[in-house]
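When reading the values below, keep in mind they use all heavy atoms of this one structure, side chains included, and skip hydrogens, waters and symmetry mates.
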Amino acid sequence: MSTLDLCEKYFDTRDVYKLLDITKDANDKDIKKAYHKVSLLVHPDRVPEAQKEESTEKFKVLSKIYQVLTDPQRRALFDEQGVIDDDDEGKLATWMELWEKIFKPITEEDITNYEKEYIGSDVERRDIKMAYLGGKGCINYMMNHVPFMAVEDEPRIKEIVAGMIAANDVPEYKIFTEEPAAKRNKRHRKYARESEEAKVIKERADRRRQKDAEAAQESSGGNLEQLILARKNHRETNYNSLMDRLLEKYGGEDDSDTVDFSAFDKKKKLKKQTPSKKSQKKSTIKNGRVEKQKS
């Protein structure tokens, strides 16, 4: 299957510019930024185990597209004839190495900064709308599909959705506007319990890292190189701990919903609201997950 066939299979388009949400006159900097943004959404290390195989294939496709668009000759061929030369397919064996060379590792500070930009943004508002429609007003579903959403955000989210309902942007679902107190209290108890558990885990991890750092310092005799290595390991462990907590929230299951961390599929859900006869696909519900039949 050609690269463009795979684009259509996994991203519903053969237009690589549309896939990356950039224009045909985008420069290398714009391409790199767009590639980074989309590839993060399908990175195999950031999705549940059941989605890793498909995410890996999506990641390979994105890496191939990035290589094409950053090569003047291959990009010109696509622009002029709408084709991609797949003769160098063997080079895709290094797709993960390519990504790691292009982008620096994500730090806890990066995630914190993104959260600040995301909260209150148009992107968050769009995600809230899509999650509200996707879950037909189920707040548990919204908690699992709106990044960074916590029980503390419920009043703010409800106000945003109320405005959408008043403007006739979305229908009113009674399960949202008249949510039973028992369901709400159960959700709040669940997240309060998880918050306490996460705090205990973090404290234990901090103590363990502190002991490891002290042991490394003692064994190195104050060696600068060893101390730098110890700090690097500390940062990596801290980041992994943060990602584990995010995956615990967005990768687990609640009473009625199975969390889907494949955020890129949100575009497909939005597209499904106004499907064409050619692209319309049926959906089935299996084990609490909405699954699309592959064409």
Side-chain angles (χ1 to χ4, degrees), residues 1-24 26-71 74-75 78 84-86 88-115 117-118 121 123-124 126-127 130 145-148 236 239-240 242-244 246-247 250-251 259-271 292:
M1 189 175 290
S2 71
T3 298
L4 293 179
D5 288 337
L6 292 172
C7 286
E8 186 171 21
K9 175 181 178 181
Y10 292 118
F11 300 102
D12 287 341
T13 182
R14 298 176 72 87
D15 185 341
V16 297
Y17 294 107
K18 180 179 179 181
L19 194 161
L20 294 179
D21 195 21
I22 56 177
T23 59
K24 290 189 67 173
N27 56 34
D28 286 351
K29 183 178 180 180
D30 294 332
I31 295 170
K32 178 179 178 180
K33 183 178 180 180
Y35 168 58
H36 182 251
K37 179 180 179 180
V38 179
S39 62
L40 281 178
L41 299 176
V42 300
H43 196 294
D45 293 340
R46 305 185 70 189
V47 299
E49 189 65 33
Q51 299 175 18
K52 285 189 180 297
E53 183 176 351
E54 180 175 326
S55 291
T56 297
E57 295 306 313
K58 288 181 177 180
F59 201 87
K60 288 181 179 180
V61 173
L62 288 173
S63 297
K64 179 62 177 288
I65 291 173
Y66 176 80
Q67 290 176 313
V68 169
L69 293 183
T70 52
D71 183 308
R74 297 166 73 188
R75 181 177 179 178
F78 177 80
I84 290 179
D85 183 7
D86 289 319
D88 62 343
E89 197 65 30
K91 293 183 180 179
L92 285 180
T94 61
W95 54 272
M96 184 60 82
E97 293 180 11
L98 169 68
W99 195 85
E100 292 175 347
K101 288 179 180 179
I102 296 173
F103 307 112
K104 66 177 184 178
I106 301 174
T107 65
E108 185 170 356
E109 182 180 2
D110 292 331
I111 296 175
T112 300
N113 290 337
Y114 176 72
E115 180 179 4
E117 295 177 0
Y118 178 82
S121 67
V123 176
E124 185 200 34
R126 180 201 64 193
D127 290 346
M130 294 174 64
H145 289 78
V146 178
F148 306 110
E236 291 177 349
Y239 165 70
N240 290 333
L242 175 65
M243 290 305 300
D244 288 341
L246 289 175
L247 287 174
Y250 298 112
V259 180
D260 185 353
F261 211 19
S262 183
F264 192 89
D265 288 339
K266 291 179 179 179
K267 291 186 177 181
K268 292 185 179 180
K269 292 180 181 178
L270 184 59
K271 181 179 179 181
K292 294 182 179 178

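With sequence neighbours left out, Asp5 forms a side-chain hydrogen bond (donor to acceptor under 3.5 Å, both in side chains) with Ser2, Arg14. Asp71 is linked by a side-chain contact (heavy atoms from CB on, under 4.5 Å) to Gln73, Arg74, counting only residues two or more places apart in sequence or in another chain.
Within the model, atoms NZ of Lys58 and CD of Gln51 stand 8.0 Å from one another, a figure rounded to the nearest 0.5 Å. Summarising the geometry, atom CD belonging to Glu8 is positioned 11.5 Å from atom CG belonging to Asp15; distances are rounded to the nearest 0.5 Å. Remark: Arg75 CZ to Lys24 NZ distance equals 9.0 Å, nearest 0.5 Å. Annotation: the span from Thr13 atom OG1 to Leu19 atom CG amounts to 6.5 Å, rounded to 0.5 Å. We find the CG-OH distance between Asp28 and Tyr66 to be 7.0 Å, quoted to the nearest 0.5 Å.
The shortest non-hydrogen separation linking Ile22 to Asp30 is CG2-O, 4.2 Å. Pairing each heavy atom of Tyr17 with each of Thr23, the nearest pair is CD2-O, 3.5 Å. The two residues Lys64 and Thr3 have their closest heavy-atom pair at NZ-OG1, 3.4 Å. Across Ala34 and Leu20, no two heavy atoms sit closer than the pair CB-O, 3.4 Å.
A donor-acceptor pair under 3.5 Å is absent between the side-chain atoms of Ser55 and the main chain of Lys52, judged by distance alone.
For the pair Lys29/Lys32, no side-chain contact is recorded, criterion being any heavy-atom separation below 4.5 Å from C-beta on. Using a 4.5 Å heavy-atom threshold, the side chains of Val16 and Val68 count as separate.
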Requested in this report: Apply side chain to side chain contact (heavy atoms under 4.5 Å, CB included) to Ser121 and Glu124, showing your working.
Outcome: CA-CA 5 Å; Ser121 67; Glu124 185 200 34; 3.9 Å; yes
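No more than 12 heavy atoms of other residues, nucleotides or ligands lie within 6.0 Å of CD in Glu53, so this atom counts as exposed by the packing criterion.
Using cut-offs of 30° and 60° for the angle between ring planes, the Tyr35 and Phe59 rings count as tilted.
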